[in-house]
Amino acid sequence: MPELPEVEATRRHLGPVLEGATIIEVIVRRLRMVRRQERPGDFGDRVTGRRIRPLGRRGKYLLAPLEGDITWVTHLGMSGRMSVNTREDPELPHTNVVVRLDSGAEVRMVDPRTFGFVAAYTPEELVVALNDRIGPDAYESLPSSRRLADLLAGRVAPIKALLLDQRVVSGLGNIYADEILHRAGIRPDRPAGSLDATELKALRAAIRPVLAAGLSHGGTSLDDLAYLLPDGRAGDYVTRLRAYGREGEACRRCGGTIVRTVIRARSSFWCPRCQA
DNA sequence: ACCTCCCTGGCC
DNA sequence: GGCCAGGGAGGT
């Protein structure tokens, strides 16, 4: 599912297709996909006719800055993915937004569950939509362990819940949060404020390597294949996962048995033997 | 800081 | 035929 590594892999694939191209037409097949926008029609109106500058990303948000100070923002939600096509390619089911380029290529957003969305923002709107809502990017600007200590001090919520809170750091979802906690050797249900300095260092140190590994494999495509790279290939980090989805299987570090518990209404997979 | 909702394919 | 998956927003 699309978390930071999947969004970043998507950004890297889309870059060569989008950058420098001009948007000539936008087709919104499901109006629900345009959200967090005053009027849904604003999206097409605002992006059409503009040239795309180099792509960016913040947490799970894919950012396409356009000439003229408009930013096309895409969030893939739970089940969204981007697909690069020619106009002749048949459309997959759940193709909800189509962006046609002057190059003849088109980028399609496919999202069965429609938790994803697109929007087009002025600089002021972008600040409200992103800066005021999400914290530093977990890959590009990870806070120091000392800063993390400040953020987590006194918090009784489980550390897993705070890793998923995009205001603390942005980009982590359920899969990579579990992988990070496993690598750091920390139980997901530990009260966040109870982590000592050594544990916080281990936690901080686990974040980038896990995300980098996921990215190097093109991300994590699960059996449902909801997430795929823009060329249709699957990311295969699922074969390297150490915790997520491995209930009942042997821990790849200590040989213990991975368990599944529910934290904040989300599945958590972890090893009771090597996560303390 | 917690709960509910959105949505649909896939599974029991 | 019902339930589950879950990111993020909204409400209490």
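Just so it is clear: chains get the letters A, B, ... in the order the sequence lines come, proteins before strands, and each one is counted from 1.
Distances shorter than 4.0 Å separate some side-chain N or O of Arg36(A) from OP1 or OP2 on dA9(C). Phosphate contact (OP1/OP2 of dG7(C), side-chain N/O of Gln166(A), threshold under 4.0 Å): absent. The phosphate of dG6(C) has OP1 or OP2 within less than 4.0 Å of a side-chain N or O from Tyr244(A). Phosphate contact (OP1/OP2 of dA5(C), side-chain N/O of Arg260(A), threshold under 4.0 Å): present. Neither OP1 nor OP2 of dC7(B) sits under 4.0 Å from any side-chain N or O of His94(A).
Atom CG in Leu228(A) sits 11.0 Å away from atom NE2 in His13(A) (nearest 0.5 Å). Here CG of Leu181(A) is found 10.5 Å from CZ of Arg190(A). Values are rounded to the nearest 0.5 Å. Separation of atoms CZ (Arg81(A)) and OG1 (Thr10(A)) is listed at 9.0 Å; rounding is to 0.5 Å.
For Asp165(A) and dC2(B), the CG to C1' distance is 13 Å, given to the nearest whole Å. Nucleotide dG8(C) holds its P atom 11 Å from the CZ atom of Arg167(A), rounded to whole Å. Look at CG on Asp111(A): it is 19 Å from P on dA5(C), rounded to the nearest Å. Summarising the geometry, the separation between CD on Glu3(A) and P on dG8(C) is reported as 9 Å, rounded to the nearest angstrom. One can place CG of Leu76(A) at 11 Å from C1' of dG7(C), the figure rounded to the nearest angstrom. The CZ-P distance, from Phe269(A) to dG6(C), rounds to 7 Å in whole Å. Distance CE (Met78(A)) to C1' (dG8(C)): 12 Å, rounded to an integer number of Å. Straight-line distance from the CG atom of Leu222(A) to the P atom of dG7(C): 11 Å, rounded to whole Å.
For Arg32(A), counting side-chain heavy atoms from C-beta on, the closest listed nucleotide (dA9(C), dG7(C), dC6(B)) is dC6(B). Closest contact between the side chain of Asn174(A) and the listed nucleotides dC7(B), dG6(C), dG8(C) involves dG6(C). For Arg30(A), the side-chain atoms get nearest to dC7(B) when compared with the rest of dA9(C), dC7(B), dG7(C). Residue Thr114(A) has its side chain nearest to dC7(B) when only dG8(C), dG7(C), dC7(B) are considered. Which of dG6(C), dA9(C), dC2(B) sits closest to the side chain of Ala157(A) comes down to dC2(B). Listed candidates were dC2(B), dG6(C), dG9(B). Nearest to the side chain of Ser267(A) is dG6(C).
Within the nucleic acid shown, Arg155(A) comes within 4.0 Å of sugar-phosphate atoms alone, with no base atom in reach, counting heavy atoms only. Nucleic acid contact class of Arg35(A) (heavy atoms, under 4.0 Å, all strands): none.
Residues satisfying the salt bridge (Lys or Arg N to Asp or Glu O under 4.0 Å) test with Arg50(A), not counting sequence neighbours, are none.
In the region residues 121-129 of chain A, proximity to DNA chain C at under 4.0 angstrom, judged on heavy atoms, holds for none of the residues.
Taking the nucleotide of DNA chain B with the nearest heavy atom to each of Arg266(A) and Pro158(A), the more 5' of the two is matched to Pro158(A).
Using a 4.5 Å heavy-atom threshold, the side chains of Asn174(A) and Lys160(A) count as touching. Using a 4.5 Å heavy-atom cutoff, the side chains of Thr220(A) and Tyr176(A) are in contact.
Classified by interplanar angle (parallel below 30°, tilted 30° to 60°, perpendicular above 60°), the ring pair His75(A)/Phe117(A) is parallel.
Atom CZ of Arg167(A) has 12 or fewer neighbouring heavy atoms from other residues, nucleotides or ligands inside a 6.0 Å radius. Within a 6.0 Å sphere centred on CZ of Arg252(A), heavy atoms belonging to other residues, nucleotides or ligands number more than 12.
If you check distances only, the side chain of Arg113(A) does reach the base of dA5(C) with a donor-acceptor pair under 3.5 Å.
Residue side chain Phe115(A) fails the stacking definition with respect to dG8(C), as its ring centre and the base's six-membered ring centre are not both under 5.5 angstrom apart and under 30 degrees in plane angle.
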